[in-house]
Protein chains: 2
Amino acid sequence: MKKITLKDIAKYFDVSISTVSKAVNDSHEISKDLKQRIQEYAKEQHYKPNKLALNLLNRSTKTIGVIVPNILNYFFVQVLYGIEKVANENGYNIISCISNESYEKESKTLEFLDSGTVDGLIISLAEETQVKERVEGLQEIAENQIPLVLFDRVSDLIACDKVIVDDFEAGYKTTKYFFNIGCKNVAFVSPIGKSSVGKLRHEGYKKALEEAGRPYDEKLVVNFTAKDDLDLIMSFLLNYKPIDGILGLDEITAVKILHIVKSRGYNVPNDVSIVGFTNGQLSQYVTPSLTMVSQHGKFIGEKAAELLIKRIQHPDRPFETKMVKTSLLVRDSTKKLQ
Amino acid sequence: MKKITLKDIAKYFDVSISTVSKAVNDSHEISKDLKQRIQEYAKEQHYKPNKLALNLLNRSTKTIGVIVPNILNYFFVQVLYGIEKVANENGYNIISCISNESYEKESKTLEFLDSGTVDGLIISLAEETQVKERVEGLQEIAENQIPLVLFDRVSDLIACDKVIVDDFEAGYKTTKYFFNIGCKNVAFVSPIGKSSVGKLRHEGYKKALEEAGRPYDEKLVVNFTAKDDLDLIMSFLLNYKPIDGILGLDEITAVKILHIVKSRGYNVPNDVSIVGFTNGQLSQYVTPSLTMVSQHGKFIGEKAAELLIKRIQHPDRPFETKMVKTSLLVRDSTKKLQ
DNA sequence: GTGAAAGCGCTAACAT
DNA sequence: ATGTTAGCGCTTTCAC
């Protein structure tokens with residue numbers, strides 16, 4: 001049961017550890033015969049070099065750590081796929097962790113990953129971290145320790161490579177789209193009101209209103225959290241004004257909104273048009289299928305991994321920020337363009 | 001930028017490494033004054049003990065590795081949560097990896113996790129691994145190396161602790177339920193036909209047919225893979241016989257089936273009743289909401305983590321297999337019981 | 001062809 | 001109160 005080491009093998013053959021090391025690594029320095037016997041025995045005993053020792057020796061683990069806030073959000077799953085793809089292509093493994101939007105969980109994970117376990121880090125900030133701007137830990141890491149790439153939920157206070165979505169434009173264009181299809185009262189419903197991403201989309205929403213010469217009505221802007229009763233909130237919203245457009249800031253929110261709106265007797269899209277964010281699995285299979293803003297998660301993941309690997313190889317490059325544009329996938333939850 | 005070590009600090013203060021070690025660990029052996037100066041300097045320089053070195057020393061990493069086949073399946077996400085909960089409660093971190101149903105990916109991940117990186121492993125087999133019965137690697141690991149718990153997709157060939165779902169009973173009871181609500185022709189649609197889980201449910205399905213005195217019609221049993229066109233397959237199925245009940249073996253399959261059946265003009269549940277597996281996010285928000293078999297993923301995860309931790313502490317306990325029962329969550333995609 | 005020694009970063013037992 | 005030594009498992013000079 002106990003793991004076998006070079007030392008054990010050396011004792012068994014009554015040779016030195018370094019001889020065994022060379023033998024298992026198939027060095028030409030060792031005689032064919034001894035080499036073969038050692039290799040056979042090693043296989044028999046299931047010898048595996050201890051990675052910990054090797055990593056310590058190489059001061060590298062060929063592993064990159066990833067922290068995402070929420071694995072139930074399909075966007076992050078897509079990003080993960082993208083990261084993994086590029087990482088594997090470059091001989092890196094990834095270890096993915098979930099912060100669950102919690103600052104504490106994020107810090108603990110960071111503590112774990114930092115200090116030798118990984119060669120680099122790719123992170124999207126937990127909402128709590130963004131809200132409280134508690135980024136000292138990450139600043140330190142970025143400045144003094146290991147290569148770091150931030151994506152999607154980033155912070156200006158941290159100097160590092162970043163991959164971000166053009167969320168301002170996304171909010172702006174989507175709102176404009178509502179107007180184009182004839183909507184008058186467009187609500188903005190956000191489960192991530194306090195994250196950078198939510199704020200930027202909100203700014204875009206405001207700009208579109210302004211440009212269209214429509215008043216900004218803060219009652220049409222709803223921020224809610226997991227604890228809130230979305231049903232109740234939507235009820236207020238729908239009774240407040242004849243809403244005919246709703247923008248939901250993630251996929252599950254859009255799906256829930258659709259469900260609630262339908263169950264209150266509205267027709268989607270004739271009475272109310274709905275657009276969500278993230279082109280995931282749910283949105284295509286609900287009825288009607290949802291029009292969504294795709295952030296190209298996989299692409300973002302690929303870019304983030306590329307940036308990180310470049311940084312690992314050239315620690316002194318200037319920092320880069322990559323901006324990724326969104327696309328609107330028009331389906332059946334929005335009225336047709338005339 | 002370079003990481004600072006005890007050695008560096010020792011040099012700076014012109015003391016020995018062990019003195020520094022004791023100082024940063026707040027040992028009483030060190031004089032107040034020196035201790036304080038060292039600690040200050042360490043903080044200033046962002047000293048962090050190298051985990052690799054510590055783990056090597058302790059021959060333990062307080063980390064457990066998890067490999068799941070598919071992160072898009074909500075069941076596995078739930079299991080992950082359960083594992084993480086118990087792991088954290090016991091001072092363990094988890095690192096979760098995805099095999100993507102591929103044997104090769106699973107092996108590579110295993111290779112990485114094995115050999116010192118984790119103290120134990122929790123795995124649900126990739127379908128390819130189950131189909132081909134390529135479990136030698138895992139056998140070795142279980143027998144000679146690190147504690148292993150298998151869940152859901154297990155193999156009889158591997159001697160270790162296991163947590164399994166009573167899939168036979170689930171298939172049996174669910175099929176019986178279809179009969180109870182008056183269905184005559186119940187189809188069985190599986191994206192995991194070759195996994196142990198799919199097979200057991202299928203056995204249960206057969207037993208229910210038998211008990212009800214109905215003939216087994218293999219044309220009503222459909223196995224498909226990601227490459228197949230489910231639309232086409234369902235089309236054949238629906239034209240073949242007046243199907244009035246469909247059992248889909250995972251959540252996304254059930255949702256897709258619902259979508260296809262509806263779009264062909266059938267009423268759900270009046271014409272066709274549908275039941276799926278896994279109580280996830282999608283099934284409640286489609287229309288009509290889907291009746292689902294819950295496997296209690298989180299509970300399974302908790303049990304798996306408990307078993308693993310017990311095994312780590314007592315390597316010589318006899319192996320255990322925990323069987324978890326499913327429950328049927330009746331919603332609107334099935335006809336009501338009379 | 002084989003082995004001794006040093007070292008990766010750290011701790012702990014044992015001097016001094 | 002501080003330092004020395006040994007060792008975790010491994011590789012890599014450098015001797016022999």
Side-chain angles (χ1 to χ4, degrees), chain A residues 2-39 41-42 45-63 111-112 114-119 144-146, chain B residues 2-39 41-42 45-63 111-112 114-119 144-146:
Chain A
K2 203 184 121 273
K3 291 207 76 172
I4 189 167
T5 69
L6 290 185
K7 200 177 174 183
D8 301 325
I9 304 183
K11 206 179 301 166
Y12 180 83
F13 284 97
D14 200 27
V15 294
S16 79
I17 294 179
S18 55
T19 301
V20 178
S21 169
K22 285 168 185 164
V24 296
N25 288 310
D26 215 21
S27 158
H28 44 262
E29 288 181 43
I30 306 297
S31 69
K32 295 255 178 273
D33 174 58
L34 180 59
K35 208 160 77 176
Q36 188 170 346
R37 277 160 52 222
I38 290 184
Q39 287 181 358
Y41 182 73
Q45 300 292 314
H46 309 112
Y47 168 74
K48 291 248 176 76
N50 183 323
K51 274 231 170 74
L52 248 30
L54 285 179
N55 291 340
L56 183 57
L57 211 53
N58 300 327
R59 271 154 336 308
S60 150
T61 60
K62 276 289 183 181
T63 304
E111 190 112 346
F112 171 70
D114 179 16
S115 66
T117 326
V118 297
D119 291 352
N144 304 291
Q145 294 157 47
I146 49 178
Chain B
K2 204 185 123 273
K3 292 206 75 171
I4 189 167
T5 68
L6 290 186
K7 199 177 174 182
D8 301 325
I9 304 184
K11 207 178 300 166
Y12 181 83
F13 283 97
D14 200 28
V15 295
S16 79
I17 293 180
S18 61
T19 302
V20 178
S21 170
K22 285 169 187 163
V24 296
N25 288 308
D26 216 21
S27 158
H28 45 261
E29 289 181 39
I30 306 299
S31 68
K32 294 255 178 277
D33 174 56
L34 180 58
K35 209 160 75 175
Q36 189 170 344
R37 277 159 52 224
I38 289 184
Q39 286 181 359
Y41 183 73
Q45 299 292 315
H46 309 111
Y47 169 75
K48 291 247 175 80
N50 183 323
K51 273 230 170 78
L52 248 30
L54 285 178
N55 291 342
L56 184 58
L57 209 54
N58 300 328
R59 262 136 8 293
S60 151
T61 60
K62 276 291 184 181
T63 304
E111 191 112 346
F112 170 70
D114 179 15
S115 64
T117 326
V118 298
D119 291 353
N144 304 290
Q145 295 158 45
I146 49 178

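Because only heavy atoms are used, hydrogens play no part in the values below, and waters and symmetry mates are left out as well, while side chains stay in. Chain letters run A, B, ... following the sequence lines, proteins first, then strands; residues in each count from 1.
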Checklist entry - Could you run down nucleotides 10-16 of chain C 5' to 3' and tag each one B, S or - for protein heavy-atom contact under 4.0 Å? => result BBBB---
Checklist entry - Under 3.5 Å, is there a donor-acceptor pair linking the side chains of Asn55(B) and Thr61(B)? => result no
Checklist entry - Which word best sums up how the rings of Tyr41(B) and Phe13(B) line up, parallel for under 30°, tilted for 30 to 60°, or perpendicular for over 60°? => result perpendicular
Next on the checklist: Would the distance check show the side chain of Arg59(A) and the main-chain N or O of Leu57(A) forming a donor-acceptor pair, the cut-off being under 3.5 Å?
Outcome noted: yes
Next on the checklist: Is it true that, when you exclude Gln45(A) itself, more than 12 heavy atoms of the residues, nucleotides or ligands shown sit nearer than 6.0 Å to its CD?
Outcome noted: yes
Checklist entry - Is a donor on one side and an acceptor on the other found under 3.5 Å between the side chain of Lys51(B) and the backbone of Glu111(A)? => result yes
Checklist entry - With a non-hydrogen cut-off below 4.0 angstrom, is Leu52(B) in contact with a base, only sugar-phosphate, or nothing? => result nothing
Item to check | Whether Asn50(A) side chain and Leu52(A) backbone form a donor-acceptor pair below 3.5 Å | outcome: yes
Checklist outcome for this item: note: Arg59(A), atom CZ; dG7(C), atom P; distance rounded to Å ~ 12 Å
Checklist entry - With nearest nucleotides of DNA chain D determined for Asp14(B) and Leu56(B) from heavy-atom distances, which residue corresponds to the more 5′ nucleotide? => result Asp14(B)
Checklist outcome for this item: In terms of heavy-atom contacts, Ala23(A) and Ile30(A) come closest through N-CG1, 4.0 Å
Checklist entry - Are His46(A) and Ile4(A) close enough that some pair of their side-chain heavy atoms sits under 4.5 Å apart? => result no
Checklist entry - Going 5' to 3' on DNA chain D, which nucleotide is the first and which the last to come under 4.0 Å of a heavy atom in chain B? => result dA1(D) to dG9(D)
